[in-house]
Structures are given as structure tokens and as C-alpha cells.
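Just follow the structure's listing: the first ligand is 1, and inside any ligand the first atom is 1. In what follows, every heavy atom counts, from backbone to side chain, and hydrogens, waters and symmetry copies are set aside.
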Amino acid sequence: MNVEPKFRFCVIADCHFSAKTALADRVLIDDINKLGADYTMVLGDVSGQPGAGGPEMTHRAVELLNGLEMPWRNLIGNHDIEFEPIETDRENIVMWLRTHGYRLPWHREDRGPLTFLFLSNERFREHTLQPHEVYLTQRQLAWADDELKRCDGRPVVVACHAPVLGSNLVVHPELHVRAGNAYINQNHAPGQMMDLCCRHKHILFWFSGHSHLSQAHPNAIINTLGIHFVHTGTTSADWAREIKRHSRVVDVELERIVIHTFDHDKRAIDNSLDLVIPHSLEHLLAARQTRLK
Ligand SMILES: [Fe+2]
């Protein structure tokens, strides 16, 4: 077995960068740089308080993330477009895009052996039930459907701020109880997301954050219908639930894939939380095809 990393990527979520956490935020960037990753996915909610979702906090976050020494890409979470002085969701999204230098909130990128698909929250003020529901429009879902058809055969990693209803991934049950926001499109036909997963048999991984929970929960990684749904914790010293600040480090090797937990307080990988998938990407693709015939 080849035990040398073939392709390593990091996943960080819910950074909520702020003046209060400035020192820890700089340490986070240094620590990620030391991991020798080929790529980093950022799962949104990079804005801290005060002024979350505004130009100042978005600029602060992008400046910090630009300190990463490998290619990285971010997506929009619920807090990233909640800045009250901006009047519309569209204007808030445009500000977020311009600050990042992106053209669209959604994105596909091929890196190493994987295709990465980024899906973004598009609504805050326009919500009538729950402003913090992570919401993908039908336009974005149609784009994802088309893009997934186009990259058929390549193993796909999807990134979105919130998880998929029906994945059985750990979520925080008390999030905004009156109208939930734990899952993507929770109050708007959430079953469309699992339908997307079922129709596209080359989706192998789905990474999400949002709940700020520790990655030590047994169902913080779960294989449902052949897809590994992976919860990513928070890096924030201010917003951590369960006093744990966790991120993901994923090694894709020839014959296996290892999903590690990086503990930001220990400033090291906590190998007691490793998940070893003893299969190649090709094997995982074949298993999904068989399972859904
Ligand atoms: Fe969130």
C-alpha cells in the first residue's frame, strides 16, 4: 500500500474572524500552512461580530484567507449576508463576490484526482420563516445538476455551508427551533438535495459546517447511500460549541482515504479521530454505481 499522501486538502468552516479573535485567527492560518495541503475549502460564515456580513468583516476575512499559501475557495453561509445596513440580499451577495474576486456564488474546480463543487447560500432578508436557513435557489440547483452531468465519471466533493436532510449527519437540534435551519432549504423542499445526491452517482463526499459542533461525535462522518457526509467544526475561539475547535485534513492516497481532525487548541492532528476509508476513489465510485442500480 502507498502510504504517501497523493493529494491532501483541508476544510475549514465557520471561522467568524473578528478583532476579538485576531491572534487565534492568525495562528489558524499559520497552522493550515504547515500542513502541506494542495488545496483548502472554506465552508462559509467567515464573518464575525460586530458587523457580520458587512464590507469590513468580509474584507478582514479575505485578507486573512489570502495568507493561505495554497489555492483556496470560499462559499456563502448564513452570516455572510446578514449585514443590516445593506438593503437587499442581492447587494450583499454582490459585495461578498467582489471582495473575494469571484464572478458567481457557485463554482466548480478540478484539483488533483477530484472535482470540487461549491454551493452558496443566497437568501437572508427575503426569507419569511427563518432568515438563517441556508437556501439554494432553483437556478443554482439547475446549475449543479448540469455541472454534475458534465463531470460524470470524476469523483466529486461537494461543499455547502449546511448539511443535507436525510444524510443522518450530526446537527445541533436547538438551532432556531421555531423554524429550523439545520439543513439546506429546510423549509423549502429539502428533499431536492438528497434527490441530487441519488441521481449523481459520482458524488463521493459532501462537506458541511454550520452547527459549530465538535467533530468527535460518532455521526460527524456518516456514509449514507455510498456518500461520505462530513461535518466540519468551527475554527472560531469565540463561537465554538462544546469547547472544541476542529477542522478537516483529508489525504487521498492510491489505496485509501484518510479523513483527519485538526484540533486548533492542540495545534495538531488528533489521530484518535481519524477515519480511514480502506478503498481507492475508483472503488468508491464503483460501489456507488452498484448500490444504486
Ligand atoms: Fe452558519
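- Taking the six-membered ring wherever Trp is involved, the centroid distance between the rings of H127 and H188 falls below 6.0 Å.
- In this structure, the ring of F262 has its center no less than 6.0 angstrom from the ring center of H260.
- Metal site remark for the Fe ion (ligand 1): S211 contributes no N, O or S atom at a distance under 2.8 Å.
- Backbone or side-chain N, O or S atoms of H132 do not reach the Fe ion (ligand 1) at under 2.8 Å.
- Between H217 and H231, a ring centre-to-centre spacing not shorter than 6.0 Å is recorded.
- With L204 as the partner, the side chain to side chain contact (heavy atoms under 4.5 Å, CB included) test is satisfied by one option alone out of T115, I227, V156, L281: L281.
- Here H210 contributes ND1 and D45 contributes OD2, and at the Fe ion (ligand 1) these two atoms make an angle of 170°, given to 10°.
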